[in-house]
Q: 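Just passing along the structure, written as structure tokens.
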Amino acid sequence: AIMKIAFGADEHPAVVDHIRGWLEGQGHQVIWYGPAAGDTQPWPQVARQVAEDVAAGRADEGGLCCWTGRGGSMAANKVAGVRAALCADAETARGARLWNRANVLCLSLRTTTPALADEILKKWFETAYQPNPTDDACLAQIEELDAQRRES
């Protein structure tokens, strides 16, 4: 399915353009958050922009890159309704979608090559959450945490 994807990075190395090109090549509309090539932006700022678009429904899903991928995923997961997953390989991406209903894919700029990005993106987009009692119950607990965050 064609989607609107909020995609951001705190730096702009070549792999960022590769990922954006892959997304656009699949027909997705990409909303870019991040610097021009050669510049940087603070990773929490970029993560917040991507996550808020996903949480508000302005984007169907999100993608986020920073040096390790960890900081971006931590910041994005502070936004209620976001389930950001740092994925270093295609099988992790599959599991994040299948069991965790992840909606923001986080990647490391340090370790993600264009070929690896292709494998991860392909698996991410071809895998859907499969409702089942165990995972539904776990996701309900995540939603309770989100509700508490909204109330505080």
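Nothing here was measured: the structure is a model prediction, and the numbers come from that model.
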Q: Give a yes-or-no answer on whether the side chains of D136 and Y129 include a donor-acceptor pair shorter than 3.5 Å.
A: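 Yes.
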Q: Please determine whether side-chain contact (heavy atoms from CB on, under 4.5 Å) holds for the pair T113 and V15, giving the CA-CA distance in whole Å, both sets of side-chain angles, and the decisive distance to 0.1 Å.
A: CA-CA 7 Å; T113 64; V15 73; over 6 Å; no
Q: Please check: side-chain N/O of N100 versus main-chain N/O of A102, any donor-acceptor pairing under 3.5 Å?
A: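 Answer holds: no.
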Q: For the OG1 atom of T92 and the NZ atom of K123, what is their distance to the nearest 0.5 Å?
A: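 Spacing of OG1 (T92) from NZ (K123) equals 11.5 Å.
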Q: If you apply the rule ring pair (Phe, Tyr, Trp, His ring centres under 6.0 Å), what do you find for F125 with W22, and how did you get there?
A: CA-CA 12 Å; F125 284 101; W22 189 97; 5.8 Å; yes
Q: Return the CG to CD1 distance between N103 and I5, rounded to the nearest 0.5 Å.
A: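 Between N103 CG and I5 CD1, I get 10.5 Å after rounding to 0.5 Å.
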Q: Taking atom CG of L105 and atom CD of E61, what is their separation to the nearest 0.5 Å?
A: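 Rounded to the nearest 0.5 Å, the CG-CD separation comes to 9.0 Å.
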Q: Run E11 and L109 through side-chain contact (heavy atoms from CB on, under 4.5 Å) and show every step you take.
A: CA-CA 8 Å; E11 299 177 53; L109 292 173; 4.0 Å; yes
Q: Are L23 and Y33 linked, directly or through other ILVMFWY residues, by side chains that come within less than 4.5 angstrom of each other?
A: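 Each belongs to a different hydrophobic cluster.
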Q: Can you check side-chain contact (heavy atoms from CB on, under 4.5 Å) on D10 and T40, steps first, answer last?
A: CA-CA 5 Å; D10 62 343; T40 63; 5.8 Å; no
Q: Report yes or no: does D60 contribute a side-chain atom to a donor-acceptor pair with the main-chain N or O of K4 at less than 3.5 Å?
A: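 Such a contact is found between D60 side chain and K4 backbone.
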Q: Kindly say whether R101 contributes a backbone atom to a donor-acceptor pair with the side chain of R83 at under 3.5 angstrom?
A: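 Present.
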Q: For G81, does its backbone N or O pair with a side-chain atom of D146 as donor and acceptor, under 3.5 Å?
A: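 Present.
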Q: Hey, is CZ on R110 packed in by over 12 heavy atoms from elsewhere, all under 6.0 Å?
A: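 Not buried by this count: 12 neighbours or fewer within 6.0 Å.
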Q: Using the rule that Ile, Leu, Val, Met, Phe, Trp and Tyr join whenever any side-chain heavy atoms are under 4.5 Å apart, tell me whether L107 and M3 fall into a single cluster.
A: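 Looking at the clustering, M3 is in the same group as L107.
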Q: Quick one: do W43 and L64 satisfy side-chain contact (heavy atoms from CB on, under 4.5 Å)? Show the steps, please.
A: CA-CA 9 Å; W43 53 265; L64 195 52; over 6 Å; no
Q: Would you compute the distance between atom CG of L86 and atom CZ of R70 and round it to the nearest 0.5 angstrom?
A: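 L86 atom CG to R70 atom CZ measures 5.0 Å (nearest 0.5 Å).
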Q: Looking at W99, is R94 sitting on its ring face, NZ or CZ under 6.0 Å from the six-membered ring centre and within 45 degrees of the normal?
A: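 Positive - R94 is close enough to the ring of W99 and near enough to its axis.
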Q: Anything under 30° is parallel, anything over 60° is perpendicular, the rest tilted; go ahead and classify H12 against W32.
A: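 The arrangement is perpendicular - the two ring planes meet at more than 60°.
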Q: Going from CD on Q130 to CG on N132, what distance comes out if it is rounded to the nearest 0.5 angstrom?
A: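 Going from CD on Q130 over to CG on N132, the span is 8.5 Å.
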Q: Please check: side-chain N/O of T127 versus main-chain N/O of W124, any donor-acceptor pairing under 3.5 Å?
A: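 A pair under 3.5 Å: no.
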